[in-house]
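Note sheet for the following structure.
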Amino acid sequence: MLGLLLTMPPALAGAGQTPPDRLPASRAIAGELAPGDIAWLRRDGFGLDSATLARYRQLGRVRFLDEQLAGDDRLPPAVAAQIRALPLLATPLTELLADFRARQQQYKDTPAGPAKDAAKQALGQYRRELVQQAAQAELLHAIRGGNQLKEQLVWFWLNHFSVYAGKGPVRVFAADYEENVIRPHALGKFRDLVMATLQSPAMLAFLDNARNARDRTNENYARELMELHTLGVGAGYSQADVQQLMRVLTGAGLQLQPPRRLARRGRERLGVVRGGLFVFNPNRHDFGDKTFLGHTIEGRGYAEIGQAVDLIVRQPACAHFISQRLAEYFVADRPPPALVDAMADTFRRSDGDIAAVLRTMLLSTEAAAPDPRKFKDPMRFVVSSLRLAYDGQPVPNTAPLANWLQQMGEPLYGRVTPDGWPLDSASWTGSGQLGKRFDFAGVIGSGRNRLFAAEGGGASPEPAGPPALRDSALYRDAIAPRLSEATRHALAQAKSPAEWNTFLLSSPDFNYR
């Protein structure tokens with residue numbers, strides 16, 4: 001049975017579905033969900049739940065989408081309080097960083113021997129806890145957030161502007177990066193998002209721009225800013241442009257020590273710019289003129305950075321690259337060129353308004369077509385499993401979920417290279433990956449797990465038994481009508497509710513969006 005569920009080809013999994021060119025119009029306002037409605041909702045969010053279906057039926061597709069594009073998170077109050085209470089978010093970054101450095105120094109100062117071994121173990125546990133807290137915040141948002149389009153987009157941008165928690169102090173900044181850098185700008189202007197990531201402690205530490213100074217230059221961030229974040233490979237810029245952007249970015253770094261008091265109290269050196277841990281230090285900046293993307297940038301300090309970012313995001317290549325990546329993530333591994341072109345046109349006309357680009361994409365014919373379907377990456381699989389199986393139940397204890405993502409090969413903040421996790425389906429269909437999915441489906445499907453806690457984070461009893469997926473209105477309305485004959489046959493062989501749940505969650509119909 002495992003072999004049948006995990007190796008069924010996508011074409012068979014989608015057999016019998018209505019061809020895209022004969023899809024009926026949305027009938028959601030009348031209460032009936034057409035195949036196009038379910039296909040659209042499965043692209044719009046991580047996974048379906050009853051509240052999403054009810055809101056979609058109430059508003060219809062366009063009003064539902066516009067409500068999401070307004071940008072509110074719509075978290076249950078208890079979940080929002082649980083996130084705010086996490087030490088990694090409740091403590092100022094300056095204090096977190098000081099504690100991190102003190103613990104590292106304490107370990108270095110401990111003499112060799114048993115005490116050193118114990119200190120090493122304690123430091124490792126502390127480091128793991130920092131990453132787990134950051135992952136917990138993101139997973140709580142993803143699973144319980146009422147604005148599922150925004151939640152998917154936050155995950156997309158976290159991956160697009162990827163940082164690796166295992167490098168230096170990045171783990172200290174990871175939760176702040178998601179909560180205060182990515183999330184507030186996820187649906188705004190792309191330029192503002194780029195500037196926010198550029199000045200974030202996580203990015204400055206990960207891609208080494210904190211080390212980029214006039215006399216000791218480092219081009220890591222300048223290169224990745226163009227290649228991975230904005231323009232893409234083959235966009236027409238040169239290595240000389242990378243080096244010129246590197247010069248523009250000299251002096252943009254981190255203030256890791258309290259600023260020194262100057263002779264005149266209350267005065268700051270001319271040209272210094274601060275924001276949180278970010279500091280632009282003119283003493284470290286190359287004030288020479290630069291020629292970047294065919295334009296002259298006069299050496300005048302911090303303002304050069306804004307001018308360079310303006311030049312980048314207004315390149316036609318940027319509009320196309322970002323539109324292509326969004327369409328690959330939400331719609332198809334190989335999105336239709338006409339769709340990407342329409343999105344890029346919206347990007348240019350709206351001055352990089354992310355919400356406007358998404359509206360063009362999600363109101364397209366392709367967004368409601370049941371095929372081609374994308375295979376869920378581990379994050380989508382884990383979150384959608386929980387949203388289906390525990391629809392309306394208490395908040396998950398997300399520490400075990402982070403461990404499952406680790407086992408499936410997509411740990412949060414765990415990508416060592418700056419390119420982010422791959423978006424294509426083929427990257428997540430290896431046999432080891434699929435085996436872990438079947439194991440996770442068994443854990444969720446049986447109900448015998450310790451993933452869940454009360455809304456406020458306190459202990460609660462484990463579920464009395466397997467989730468009643470087969471009898472739920474959510475399954476009846478959104479899942480059952482689009483199951484393939486092969487999956488129906490597999491489900492008919494299940495010998496218990498737990499086995500039935502496991503087969504459903506590990507089926508191609510569920511693993512393909």
Side-chain angles (χ1 to χ4, degrees), residues 1-15 42-43 46-47 131 135 138-139 142-143 152 155-156 158-160 162-166 228 324-325 327-335 370-389 398-446 449 451 483-484 486-487 489-491 499 501-513:
M1 188 62 65
L2 172 61
L4 169 64
L5 292 171
L6 296 182
T7 61
M8 190 192 314
L12 180 58
R42 285 166 67 99
R43 288 191 172 99
F46 275 115
V131 179
E138 167 56 11
L139 284 162
I143 295 165
Q152 275 212 109
W155 166 241
F156 171 84
L158 276 175
N159 191 55
H160 184 80
S162 181
V163 297
Y164 173 52
L228 298 178
Q324 178 78 28
R325 296 290 284 174
E328 287 172 352
Y329 178 73
F330 281 95
V331 177
D333 286 346
R334 297 177 182 83
D371 292 305
R373 291 203 267 171
K374 283 180 63 71
F375 196 75
K376 296 175 181 177
D377 66 285
M379 179 73 169
R380 274 175 165 157
F381 170 67
V382 166
V383 173
S384 61
S385 295
L386 294 178
R387 287 178 61 79
L388 174 63
T398 49
L401 299 181
N403 293 334
W404 276 104
L405 287 171
Q406 175 85 33
Q407 293 180 49
M408 294 180 197
E410 194 182 35
L412 283 160
Y413 307 106
R415 181 72 165 178
V416 177
T417 53
D419 53 346
W421 299 110
L423 301 179
D424 63 299
S425 300
S427 295
W428 303 110
T429 54
S431 58
Q433 158 81 215
L434 297 179
K436 288 296 181 184
R437 291 189 184 217
F438 192 84
D439 293 342
F440 182 78
V443 168
I444 299 300
S446 68
N449 59 74
L451 290 178
L483 291 180
S484 66
T487 295
H489 176 74
L491 292 173
E499 194 169 59
N501 292 341
T502 301
F503 289 170
L504 176 66
L505 294 175
S506 55
S507 69
D509 295 278
F510 185 76
N511 278 266
Y512 279 89
R513 299 172 63 234

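Nothing here was measured: the structure is a model prediction, and the numbers come from that model.
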Where do [X] and [Y] come nearest, in terms of heavy atoms and distance?
| X | Y | answer |
| --- | --- | --- |
| Arg437 | Trp428 | NH2-CB, 3.9 Å |
| Ile444 | Ala389 | CG2-CB, 3.4 Å |
| Asn511 | Leu505 | ND2-O, 3.1 Å |
| Ser507 | Thr487 | CB-CG2, 3.8 Å |
| Pro372 | Arg43 | O-NH2, 3.0 Å |
| Arg325 | Phe156 | O-CE1, 3.6 Å |

Side chain [X], main chain [Y], donor-acceptor under 3.5 Å:
| X | Y | result |
| --- | --- | --- |
| Asp509 | Ser484 | yes |
| Arg513 | Lys374 | no |
| Asn159 | Gly420 | no |
| Arg387 | Ile143 | yes |
| Gln406 | Pro411 | no |

Measuring from Tyr164:OH to Arg415:CZ, what's the distance to the nearest 0.5 Å?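 If we round to the nearest 0.5 Å, Tyr164:OH and Arg415:CZ are 11.5 Å apart.
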Any luck finding a side-chain donor-acceptor pair between Ser427 and Asp424 under 3.5 Å?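 Yes, a side-chain donor-acceptor pair sits under 3.5 Å.
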For Val131, what residues pass the side-chain contact (heavy atoms from CB on, under 4.5 Å) criterion, not counting sequence neighbours?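 side-chain contact (heavy atoms from CB on, under 4.5 Å) check on Val131 returns Ala165, Arg171.
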Measure the acute angle between the ring planes of Phe510 and Phe381, then classify it against the limits of 30° and 60° as parallel, tilted or perpendicular.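 Ring orientation of Phe510 relative to Phe381: perpendicular.
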Salt bridge (Lys or Arg N to Asp or Glu O under 4.0 Å) partners of residues 400-413, not counting sequence neighbours, each pair once: none
Please list, chain by chain and in numerical order, all residues satisfying ring-ring contact (aromatic ring centres under 6.0 Å, His included) with Phe375, sequence neighbours excluded.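 Result, ring-ring contact (aromatic ring centres under 6.0 Å, His included) vs Phe375: Tyr512.
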